[in-house]
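Index from 1, following the sequence.
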Amino acid sequence: MRRSDGGAGPGSSALVVAVARTVPWRAVAAGAVVGLLVVGLPRLLSGTLDAWLGLTLLRAAALVFALGLTFLLDDPARELTTPVPTRRWVRTGLRVALVVPVAALWWTVALSLLPAPARPPVGAITLEAAATAALALAVAAVAVRFTEEPRPGPSVAAGLLTLALLAPHLLPARWDLFVLVGDPGWAAAHVRWAAVLAGAVLLGAACAVEPLRGLRSRRAS
């Protein structure tokens with residue numbers, strides 16, 4: 001009998017469809033729409049955009065979109081889906097994989113809303129956005145891994161927002177992440193952003209693994 005979490009075929013397609021139905025698309029869409037409004041508002045108001053404002057708007061939009069992603073792992077039926085043969089890391093990976101193309105398209109549109117003179121270096125600001133999104137997903141994965149809350153999204157979003165507001169004031173100067181374009185520390189700051197991205201990915205992957213007690217109960221059953 002073929003497992004539903006490996007190989008290609010009808011079972012895999014059914015799994016993708018089933019997982020897609022559980023993704024909280026409304027929360028993701030809300031973060032995307034509000035993020036685009038943040039970037040596009042000055043243009044709608046015929047405001048003047050400079051490099052500082054463009055960087056600030058993109059950082060704010062990335063944060064708003066990440067707040068929407070904190071709901072990605074919410075699952076009201078979590079207690080029912082725990083004992084299924086498909087492992088948690090497969091279900092979590094599918095959720096993330098389904099959202100990645102949406103996130104890439106959204107970020108492309110967000111960048112295009114800024115005129116070229118107000119647009120920061122694309123590679124660097126994209127790294128910041130990716131790290132912010134990965135951190136949101138990692139914290140959500142931690143909440144799923146270590147709590148019994150089926151919908152940790154609201155508390156994770158509140159924690160991420162608080163962290164984003166406090167980090168610029170609490171981080172020592174040598175660890176500053178939120179530097180301006182042209183600042184001598186711009187390159188070093190983005191090395192730190194790369195470290196945040198790598199750490200968030202590793203943390204999220206570690207927390208996506210099935211708990212030992214879950215594996216034992218499944219083997220016993």
Side-chain angles (χ1 to χ4, degrees), residues 3-6 11-12 14-32 62-103 127-167 170 177 192-221:
R3 289 175 58 91
S4 62
D5 60 347
S12 299
L15 176 61
V16 172
V17 172
V19 171
R21 288 176 177 172
T22 66
V23 172
W25 292 111
R26 290 184 180 179
V28 177
L63 174 60
V64 171
F65 187 72
L67 292 176
L69 291 180
T70 59
F71 295 82
L72 185 63
L73 304 185
D74 284 9
D75 185 3
R78 180 176 168 190
E79 296 298 329
L80 300 177
T81 57
T82 299
V84 302
T86 304
R87 301 196 178 193
R88 176 183 292 179
W89 69 266
V90 176
R91 303 194 306 270
T92 301
L94 275 176
R95 284 181 176 232
V96 175
L98 287 168
V99 170
V100 165
V102 176
L127 173 61
E128 292 188 24
T132 305
L135 184 61
L137 292 174
V139 178
V142 170
V144 170
R145 177 69 171 77
F146 294 103
T147 72
E148 299 298 327
E149 175 58 48
R151 292 181 176 177
S155 58
V156 173
L160 180 65
L161 180 59
T162 302
L163 176 64
L165 294 176
L166 294 180
L170 298 180
L177 293 170
R192 292 189 285 272
W193 275 111
V196 171
L197 174 59
V201 170
L202 291 175
L203 177 61
C207 289
V209 176
E210 204 81 36
L212 290 178
R213 63 180 182 178
L215 290 174
R216 287 170 184 165
S217 62
R218 282 170 52 185
R219 287 171 182 169
S221 62

Which of these, V156, V28, L161, sits in a side chain to side chain contact (heavy atoms under 4.5 Å, CB included) with T70?
->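 So, applying the side chain to side chain contact (heavy atoms under 4.5 Å, CB included) to T70 and each of V156, V28, L161, only V156 qualifies.
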Taking side chain to side chain contact (heavy atoms under 4.5 Å, CB included) as the definition, give me every residue that meets it alongside [X], ordered by chain and number, with sequence neighbours left out.
X: L170; answer: L166
X: L98; answer: V16, V19, A20, V23, W25
X: A167; answer: L171, F178

By ring-ring contact (aromatic ring centres under 6.0 Å, His included) - contacts of F71 (at least two apart) =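 So F71 forms no ring-ring contact (aromatic ring centres under 6.0 Å, His included) with any residue.
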Side chain to side chain donor-acceptor pair (under 3.5 Å) involving R192 - partner list, sequence neighbours excluded |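 Here no residue qualifies.
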Do P150 and D74 have side-chain heavy atoms sitting under 4.5 Å apart?
->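 The answer is no; the side chains never approach within 4.5 Å.
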Close side-chain approach of C207 to V144, heavy-atom, < 4.5 Å |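 Heavy-atom side-chain distance check fails, nothing below 4.5 Å.
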State, to 0.1 Å, how close L67 and A157 come at their nearest heavy-atom pair, and which atoms those are.
->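 That would be CD2-O, 3.4 Å.
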What is the minimum heavy-atom distance between G31 and V64, and which atoms define it?
->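 It is O-CG1, 3.5 Å.
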Give the table of side-chain donor-acceptor pairs shorter than 3.5 Å for residues 127-141, with sequence neighbours excluded, one pair per line with atom names and distance.
unit_1	atom_1	unit_2	atom_2	d
E128	OE1	R59	NE	2.8
E128	OE2	R59	NH2	3.1
E128	OE2	H190	NE2	2.8
T132	OG1	E128	O	2.8

